[in-house]
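Note that the structure is predicted; figures quoted are calculated from it, not measured. To find a chain, count down the sequence lines: A is the first, B the second, and so on, and within it residues start at 1. No hydrogens, no waters, no symmetry mates; every other heavy atom, side chains included, goes into these values.
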Number of protein chains: 2
Amino acid sequence: MSPRRVTLADVAKIAGVSSTTASLVLSGRGRELRISDDVAQRVLKAADDLQYRPNIVSVGLRTGTTRTIGFVSDTVATSRLAGDMIKGALEAARARGVMLFIGETEGDPDLERGLLQAMHDRQVDGIILAAMFTRTIKVPKTITTAPAVLLNALPRQPSPLPSVVPDEVEAGRTAARALLDAGHRDGIHLIGAGPGRRDIPPGSVAAVERLLGIREELNAAGVKIASARVCRDWQPEYGLAATRELLETARPKALICFNDRIALGAYQVLDDYGLKVPDDVSVVSFDDHPLADWMRPKLTTVALPHYDLGRTAVDVLFAEMERREEETDHQGEIHRVPMPLRVRESISRPASAGDPMEAQHVSGAGLRESRGRDGR
Amino acid sequence: MSPRRVTLADVAKIAGVSSTTASLVLSGRGRELRISDDVAQRVLKAADDLQYRPNIVSVGLRTGTTRTIGFVSDTVATSRLAGDMIKGALEAARARGVMLFIGETEGDPDLERGLLQAMHDRQVDGIILAAMFTRTIKVPKTITTAPAVLLNALPRQPSPLPSVVPDEVEAGRTAARALLDAGHRDGIHLIGAGPGRRDIPPGSVAAVERLLGIREELNAAGVKIASARVCRDWQPEYGLAATRELLETARPKALICFNDRIALGAYQVLDDYGLKVPDDVSVVSFDDHPLADWMRPKLTTVALPHYDLGRTAVDVLFAEMERREEETDHQGEIHRVPMPLRVRESISRPASAGDPMEAQHVSGAGLRESRGRDGR
DNA sequence: TCGCATTGCTAATACGATTTAGCAACCTGC
DNA sequence: GCAGGTTGCTAAATCGTATTAGCAATGCGA
């Protein structure tokens with residue numbers, strides 16, 4: 001490191017006082033320790049003239065507080081959405097004068113252990129253990145060394161660590177309500193999970209909770225799920241296959257797709273069958289992937305609140321650091337972050353509703369398929 | 001921080017030696033400073049039994065080396081591609097026992113200054129200054145305090161800092177060659193930039209270089225660019241508009257789209273005009289956005305090497321740290337990282353090539369458009 | 001005048017590690 | 001026996017800061 005930094009000793013020398021006095025003034029304890037205003041002014045001026053900035057490493061060694069947080073995630077190379085979670089955490093951290101270490105486990109427990117150790121060796125003030133896709137995780141034993149928060153994850157076993165997760169149950173309700181509000185009362189099909197509570201891709205927290213919310217909301221309205229299909233992975237090709245299978249037996253009026261990529265696949269098959277979105281079939285989905293805005297018609301979807309998740313995690317971690325010495329045997333609180341509905345163009349009144357709607361939907365083109373020579 | 005960490009003093013006490021001796025043994029200098037094997041073994045055993053790990057903050061204060069790197073980016077909330085850059089950097093850093101601080105400037109110079117200061121206050125060993133979209137940047141004066149590297153960016157003014165960027169010129173050549181190799185000799189149109197050197201979106205480094213490579217390769221093959229259109233922003237709607245404008249005056253045989261989102265827009269318009277990809281019009285693009293694999297037919301594209309960019313930046317930063325005391329007036333080296341061609345399904349021989357091709361392309365459907373009531 | 005309280009600062013210590021100078025004991029050669 | 005060299009460790013200093021105990025000077029009241 002060069003050139004040499006200005007130190008507290010430099011400031012003290014210029015101000016003509018001891019390092020102790022300079023430290024007391026600059027840490028705001030001058031008055032408390034009865035340093036005169038004259039001396040205080042001299043110190044403040046010297047520090048300003050020299051552009052003195054404390055060495056955080058030194059402060060950290062002395063105080064045990066480094067103004068850093070560790071952010072350990074299963075992966076950082078994922079969609080734009082997940083980047084928003086890091087962004088939210090970064091901005092909340094910056095607002096509190098704290099920096100973020102970042103590490104990626106790729107789901108490997110050994111890697112996770114190593115990262116946690118590396119962060120503890122650097123005396124992080126706290127740790128955020130994040131999952132880019134909402135899931136349950138095994139809380140590592142070593143994480144209790146410092147305050148910690150689970151982000152987008154729930155603990156598999158009872159744990160004192162607080163969790164911050166999207167409110168997926170309410171999101172399920174929101175998606176169902178969007179269709180109900182448009183007048184849909186039948187012909188509502190699920191693509192991705194359901195109809196039963198256990199008809200979900202293995203280990204998918206989001207599936208369980210979205211399905212729960214959907215079922216509750218439709219049930220409360222006295223509306224039945226016409227059918228549902230599980231997609232074992234929520235990628236476009238699975239949505240496409242499930243929707244094709246559906247269309248072989250039924251003509252849906254509305255689809256609730258369990259995420260936007262599944263909805264993309266559904267759009268493709270609906271077009272194959274000459275069905276128009278949203279005139280013939282309304283579609284609502286989840287996540288608000290950037291894709292949703294590129295599809296035609298643009299997709300109405302319940303957005304994952306990644307940015308707010310990240311921010312909330314930092315806030316909860318700070319609350320945890322402030323209460324650290326109390327109630328270490330309690331069960332960690334779960335903070336649920338709301339998921340807003342992003343209204344676009346993929347929902348209209350049911351085609352059999354009767355009243356012609358002029359403004360409720362805009363006829364548009366979805367993402368186009370080029371028809372090949374074989375007629376597909 | 002609780003419970004109390006094991007310290008070197010604890011190890012020394014158990015081993016029955018001074019802290020100095022324990023330190024010399026554990027840092028590998030025991031033999032050099034003539035510590036006996038017997039004593040060394042006692043120290044090593046005690047350290048192992050106690051699971052001693054050095055406090056990096058303490059080591060950092062003494063040595064000026066914290067085993068941390070600062071990664072300052074204009075944004076982290078962007079596509080999956082850019083996450084791969086962080087991922088690459090993380091993995092290279094981990095391989096060297098180094099951790100990454102991350103910070104986001106959002107293009108704000110004040111924010112950037114604050115982040116650099118925060119990282120210097122924490123005594124980072126070096127800094128990577130990254131741009132998520134390749135561009136030229138103004139190198140902040142304060143960054144020279146520690147070793148630094150520009151990632152995915154070039155300095156606006158002469159600077160001693162090395163740069164790591166994708167090899168966009170060669171990528172342009174690769175894209176052009178992909179069409180030439182498929183037999184295309186005419187009817188090649190550019191969507192996004194060109195035809196002249198200066199026909200580019202303002203400030204776009206990638207445009208300049210891709211265009212340069214395309215022009216070189218086509219020129220070397222004696223092939224003319226049939227036409228070109230600038231898109232001021234490389235989003236789907238701009239690709240759509242430019243391609244539609246093209247189709248009002250010409251029937252292209254091949255398109256070089258300057259990125260995948262533009263290609264998505266082009267696909268949509270080609271379908272509107274009843275043109276098949278790749279039977280009627282081959283398409284090649286850049287970036288390898290995940291979208292490329294979802295489009296139908298799947299898009300052949302020259303991939304941004306984000307992962308390798310990130311790794312290379314860490315490698316170059318380490319080289320820079322090792323040579324730090326020499327040649328500080330030199331011009332920073334530019335490291336160009338190759339961009340691989342991802343061959344998929346969007347290129348075939350020109351329709352007028354004569355020989356029927358059976359296996360060169362698979363007829364498939366692109367991302368479909370749902371036609372609305374108004375006939376669009 | 002003396003004892004006590006207050007004021008305004010400073011020296012010393014601590015944090016946990018690394019680095020350097022130095023010392024006691026031993027050995028070898030003259 | 002003595003001088004010089006080697007061995008094998010240790011005490012002290014250092015890094016830069018925060019914290020605590022304490023001291024000299026002053027003022028006030030009995």
Give the intermediate values and the outcome of side-chain hydrogen bond (donor to acceptor under 3.5 Å, both in side chains) for residues B:Thr75 and B:Glu104. CA-CA 5 Å; B:Thr75 182; B:Glu104 183 181 65; 3.1 Å; yes
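Remark: A:Arg42 engages A:Asp38 in a salt bridge, criterion side-chain N to carboxylate O under 4.0 Å. Under 4.0 Å is where a charged nitrogen must lie from a carboxylate oxygen, and between A:Asp10 and A:Arg4 at least one such pair does. Note on B:Asp121 versus A:Arg5: salt bridge recorded, some NZ/NE/NH1/NH2 to OD/OE distance being below 4.0 Å. In summary, A:Lys45 and A:Asp49 engage in a salt bridge, as defined by a charged side-chain N under 4.0 Å from a carboxylate O. Electrostatic pairing of B:Asp110 and B:Arg113 counts as a salt bridge here, judged by a charged N lying under 4.0 Å from a carboxylate O. Salt-bridge formation is detected for the pair A:Glu106/B:Lys87: a Lys NZ or Arg NE/NH1/NH2 atom is positioned less than 4.0 Å from an Asp or Glu carboxylate oxygen. Electrostatic pairing of B:Glu91 and B:Arg94 does not count as a salt bridge here, judged by no charged N lying under 4.0 Å from a carboxylate O.
Among the protein residues, B:Thr63 comes within range of the sugar-phosphate backbone only, with heavy atoms under 4.0 Å from sugar or phosphate atoms but none that close to a base. A:Val39 comes within 4.0 angstrom of the backbone, heavy atoms only, and of no base. Contact annotation for B:Leu61: base contact, defined as any heavy-atom pair under 4.0 Å involving a base atom. At a threshold of 4.0 angstrom between heavy atoms, the contacts of A:Thr7 are confined to the sugar-phosphate backbone, with no base atom among them.
Between the CG atom of A:Asp121 and the C1' atom of C:dA17 there is a distance of 13 Å, given to the nearest Å. Atom-to-atom, CZ of B:Arg34 to P of C:dA25 comes out at 16 Å; the value is rounded to the nearest Å. In this structure, CZ of A:Arg31 is placed 11 Å from P of C:dG8, rounded to the nearest angstrom. If you measure from atom CG of A:Leu24 to atom P of C:dA12, you get 17 Å, rounded to the nearest angstrom. Taking atom CG of residue A:Asp38 and atom P of nucleotide C:dT7, one finds them 18 Å apart after rounding to whole Å. B:Arg67 places its CZ atom 16 Å from the P atom of C:dA17, with the value rounded to the nearest Å. We find that CG of B:Leu8 is positioned 6 Å from P of C:dT18, with the value rounded to whole Å. Taking atom CD of A:Glu32 as the reference point, atom C1' of D:dA18 lies 12 Å away to the nearest angstrom.
The B:Thr21 side chain lies nearest to D:dT10 when the options are C:dG16, C:dT20, D:dT10.
Two residues, A:Arg62 and B:Ile35, neighbour DNA chain D, and the one matched to the more 5' nucleotide by heavy-atom proximity is B:Ile35. Between B:Leu33 and B:Asn55, the residue anchored nearer the 5' end of DNA chain C, judged by the nucleotide with its closest heavy atom, is B:Asn55.
Note that the two end axes of the helix from C:dT1-D:dA30 to C:dC30-D:dG1 enclose an angle of 80°, each drawn from 5 base pairs, rounded to 10 degrees.
Remark: A:Ser23 is in phosphate contact with D:dA18, judged by side-chain N or O atoms under 4.0 Å from OP1 or OP2. Side-chain nitrogen and oxygen atoms of B:Ser36 include at least one within less than 4.0 Å of the OP1 or OP2 phosphate oxygen of D:dC9. The phosphate of C:dT18 (OP1 or OP2) has no side-chain N or O of B:Ser27 nearer than 4.0 angstrom.
In the region residues 11-20 of chain B, proximity to DNA chain C at under 4.0 angstrom, judged on heavy atoms, holds for B:Thr20.
The number of heavy atoms from other shown groups lying within 6.0 Å of CZ (A:Arg31) does not exceed 12.
In this structure, B:Asp48 CG and B:Gln41 CD are separated by 11.0 Å, a value rounded to the nearest 0.5 Å.
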